[in-house]
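Presented below is the structure to which this report refers.
In the text below, chain A, chain B and the rest are named by the order of the sequence lines, each starting its count at 1.
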Number of protein chains: 2
Amino acid sequence: MARPDSLTPLPGACSACAVRPFALFRAIPAARVGEVARLRTGVRLTRAGEAVRDSVFTLYAGWMFSWAPTADGRRQILDFHLPGDLVERQGDLPEVEALTDASFCVLSRERMCSFMEQEPGLALSYAEGLARDRARLRERLTSLGRRDAVSRLAHLLLELHGRLMARGGADPRGAALPLKQAHLADALGLSVEHANRALATLRKEGLASLQKGRLDILNRRGLEEVAGWMAPPPEALSGATASAS
Amino acid sequence: MARPDSLTPLPGACSACAVRPFALFRAIPAARVGEVARLRTGVRLTRAGEAVRDSVFTLYAGWMFSWAPTADGRRQILDFHLPGDLVERQGDLPEVEALTDASFCVLSRERMCSFMEQEPGLALSYAEGLARDRARLRERLTSLGRRDAVSRLAHLLLELHGRLMARGGADPRGAALPLKQAHLADALGLSVEHANRALATLRKEGLASLQKGRLDILNRRGLEEVAGWMAPPPEALSGATASAS
DNA sequence: CGATACCTTGATCGATCTCAATGTCGGTGG
DNA sequence: CCACCGACATTGAGATCGATCAAGGTATCG
């Protein structure tokens, strides 16, 4: 049931890392990848549902999500993390939890900083990732502020599908999504019951269906329509450096 | 009525720039600030309510905001920009509009990028700004997802007050806020009428009042209480470089 | 003085929440 | 094999928060 690769041991050498083309270190020329290994303080495995306490790491396999608690004890999911993503926590926030079994490379914040000071390409790659995060958060903010439940849901499904496509983790008809309805609800600012009804609406309209961890896109055009989707723009300031999208 | 300094001519030399301590270029040692001037392609003035089309600039005086249109023609305000902020647009989005009369320094994206490649401190400073934006967006996302109207409003007022305090633009009792209720509504995902009622609630409870462009914080503790406020955490990955907060 | 922009208030409507069941399915122990 | 259990999904009914619609009110400015 867990993704086959989530607990696979990581390659020892970063040069062989399967997610590097999508990760922070894509910016480092192949010849110098050896130095990257020295930023790493360890490799970890974690089980679905566990909290992750490391403060800087690259997710290698599996999914995670970041969330913030509210005063009344509920939570808001801030972002989902896919293989290759750099995840960062400062102090206690945000909380990061493994959505599936997962493995990741812990990095030394200190060594990263000094490496970035010698290697502007790395700093720019880091900035590029932040700019992407920002763009995604802006899109979500627009959803929560101005779109109704069905539209929000459609939007999130398209976003996740797009991110998976970009790393070869999906085909155009759908993808594996290990989300429970509770995660959708917490990401979209809805109650679980209403998230369920929104999902049912998409299914009844023949637009998309999410069942048993599998997303099926039944009518892409229609789904984009209800989402009020606009194609994501190219890249941020660091666009000059950008490569894969 | 407009802020006195919004249309004041900018100093010719970046070394004399009043907002540099809060801006992207705070990272550049004083001795090298001369080179910064070469990144600048021009200085602009704009009137309140006008759209700004330049794609990278540092706001010098006045306020702006970024927003995204929705499919049904409404809008979501994504962020407010204060003097010293770096503002960036890619392609058409987000839209940026001047909230007050404003003046700003337009930068060459191309020259910025190449300068960052020689000057990692600048790239890190850029990243620091992005990380701050992200933190703010996360907080807003939590508001829109999980807090009610009054709490959202209290949160936004505290956030803006904090940002102004950090640059010496406010005292602990309040600050000048050139926002109309329509801006609050569009930032908080509310109707104007409901934003008005939320504001009235804060006033009636003796927590805060916003009138004629002036925010008064009447009961900070109480305001933080209804906001579900948690003190903002220190800095991001680039924290090693961080200076003022 | 009138016009315009902004704020305020009230009444009604509707989307979403809450609460309370019920259903489904995969596992687990007897 | 079956009974039960826990986690998750689904459905229904009623309560709420905030949207919408419709007037006014107020202030500023030409």
Side-chain angles (χ1 to χ4, degrees), chain A residues 1-2 47-50 70 72-76 97 99-100 143-157 177-204 208-216 226 228, chain B residues 1-2 47-50 70 72-76 97-101 143-156 177-205 208-216 226 228:
Chain A
M1 177 80 348
R47 289 261 161 221
E50 281 176 6
T70 55
D72 63 347
R74 297 180 303 173
R75 77 182 177 184
Q76 174 65 41
E97 182 177 322
L99 195 51
T100 65
S143 270
L144 298 216
R146 291 298 187 216
R147 295 198 256 256
D148 69 15
V150 173
S151 174
R152 282 181 216 186
L153 177 59
H155 223 276
L156 179 59
L157 294 178
L177 288 198
L179 305 180
K180 311 284 177 218
Q181 295 185 354
H183 297 118
L184 294 175
D186 284 338
L188 298 174
L190 300 172
S191 65
V192 177
E193 295 88 337
H194 205 66
N196 177 296
R197 287 185 251 254
L199 222 30
T201 302
L202 290 185
R203 211 179 302 127
K204 273 184 302 213
S209 105
L210 178 60
Q211 267 157 341
K212 301 170 190 277
R214 167 97 203 151
L215 167 70
D216 288 298
V226 318
Chain B
M1 177 79 346
R47 290 261 161 220
E50 281 177 6
T70 55
D72 62 347
R74 297 181 302 173
R75 77 182 177 183
Q76 175 65 42
E97 181 177 323
L99 195 51
T100 65
D101 293 346
S143 269
L144 298 216
R146 290 300 187 213
R147 295 197 255 257
D148 69 14
V150 172
S151 174
R152 280 180 217 186
L153 176 58
H155 222 277
L156 179 59
L177 288 199
L179 306 179
K180 312 285 178 218
Q181 296 185 353
H183 297 117
L184 294 174
D186 284 338
L188 298 173
L190 300 172
S191 64
V192 177
E193 295 88 337
H194 205 68
N196 177 297
R197 287 185 250 255
L199 222 31
T201 303
L202 290 185
R203 212 179 301 127
K204 273 184 302 215
E205 311 254 331
S209 106
L210 179 61
Q211 267 157 342
K212 301 170 189 275
R214 167 98 202 153
L215 166 70
D216 287 298
V226 318

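Between dT10(D) and Gln181(A), a contact under 4.0 Å exists linking OP1 or OP2 to a side-chain N or O. An OP1 or OP2 oxygen of dA9(D) is reached within less than 4.0 angstrom by no side-chain nitrogen or oxygen of Arg203(A). Taking 4.0 angstrom as the limit, Asn196(A) places a side-chain polar atom (N or O) nearer than this to OP1 or OP2 of dT10(D).
Test Leu199(B), Asp148(B), Thr201(B), Leu210(B) against Leu153(B) for side-chain contact (heavy atoms from CB on, under 4.5 Å) and you get one pass: Leu199(B).
Gly189(B) comes within contact range of the sugar-phosphate backbone alone, with a heavy-atom separation under 4.0 Å but no base atom that close.
Remark on DNA chain C: of its neighbouring residues Arg197(B) and Ala182(B), the 5'-side contact belongs to Ala182(B), judged by nearest-heavy-atom nucleotide. Take the nearest nucleotide of DNA chain D for Ala200(A) and for Asp148(B): the residue whose nucleotide is more 5' is Ala200(A).
Applying the 3.5 Å distance criterion, the base of dT18(C) shares no donor-acceptor pair with the side chain of Arg74(A).
The CG atom of Leu199(A) sits 11 Å away from the P atom of dT11(D) (whole-angstrom rounding). The interatomic distance linking Lys212(B) (NZ) with dT28(D) (C1') rounds to 10 Å, in whole Å. Note: CD (Glu193(B)) to P (dG18(D)) measures 14 Å, nearest angstrom. Following rounding to the nearest Å, His183(B) (NE2) and dA5(C) (C1') show an atom-to-atom distance of 12 Å. To the nearest angstrom, C1' of dT16(C) lies 14 Å from CG of Leu153(A). Rounded to whole Å, atom P of dA15(C) lies 13 Å from atom CZ of Arg152(A). In this structure, the CG atom of Leu210(A) is 14 Å from the P atom of dC8(D), given to the nearest Å. One interatomic measurement links the two molecules: CG of Leu144(B) to P of dC17(D), which rounds to 18 Å at whole-angstrom precision.
In this structure the side chain of Val226(A) reaches within 4.5 angstrom of the side chain of Leu202(A), judged on heavy atoms.
In this structure, Arg146(B) does not pair ionically with Asp72(A), as no charged nitrogen and carboxylate oxygen lie closer than 4.0 Å.
Here the side chain of Asp101(B) pairs a donor or acceptor atom with the backbone of Ala48(B) at under 3.5 angstrom. The closest donor-acceptor contact from the side chain of His183(B) to the backbone of Lys180(B) lies under 3.5 Å.
Side-chain proximity of Leu190(A) to dC17(C), dC6(C), dC8(D): nearest is dC17(C).
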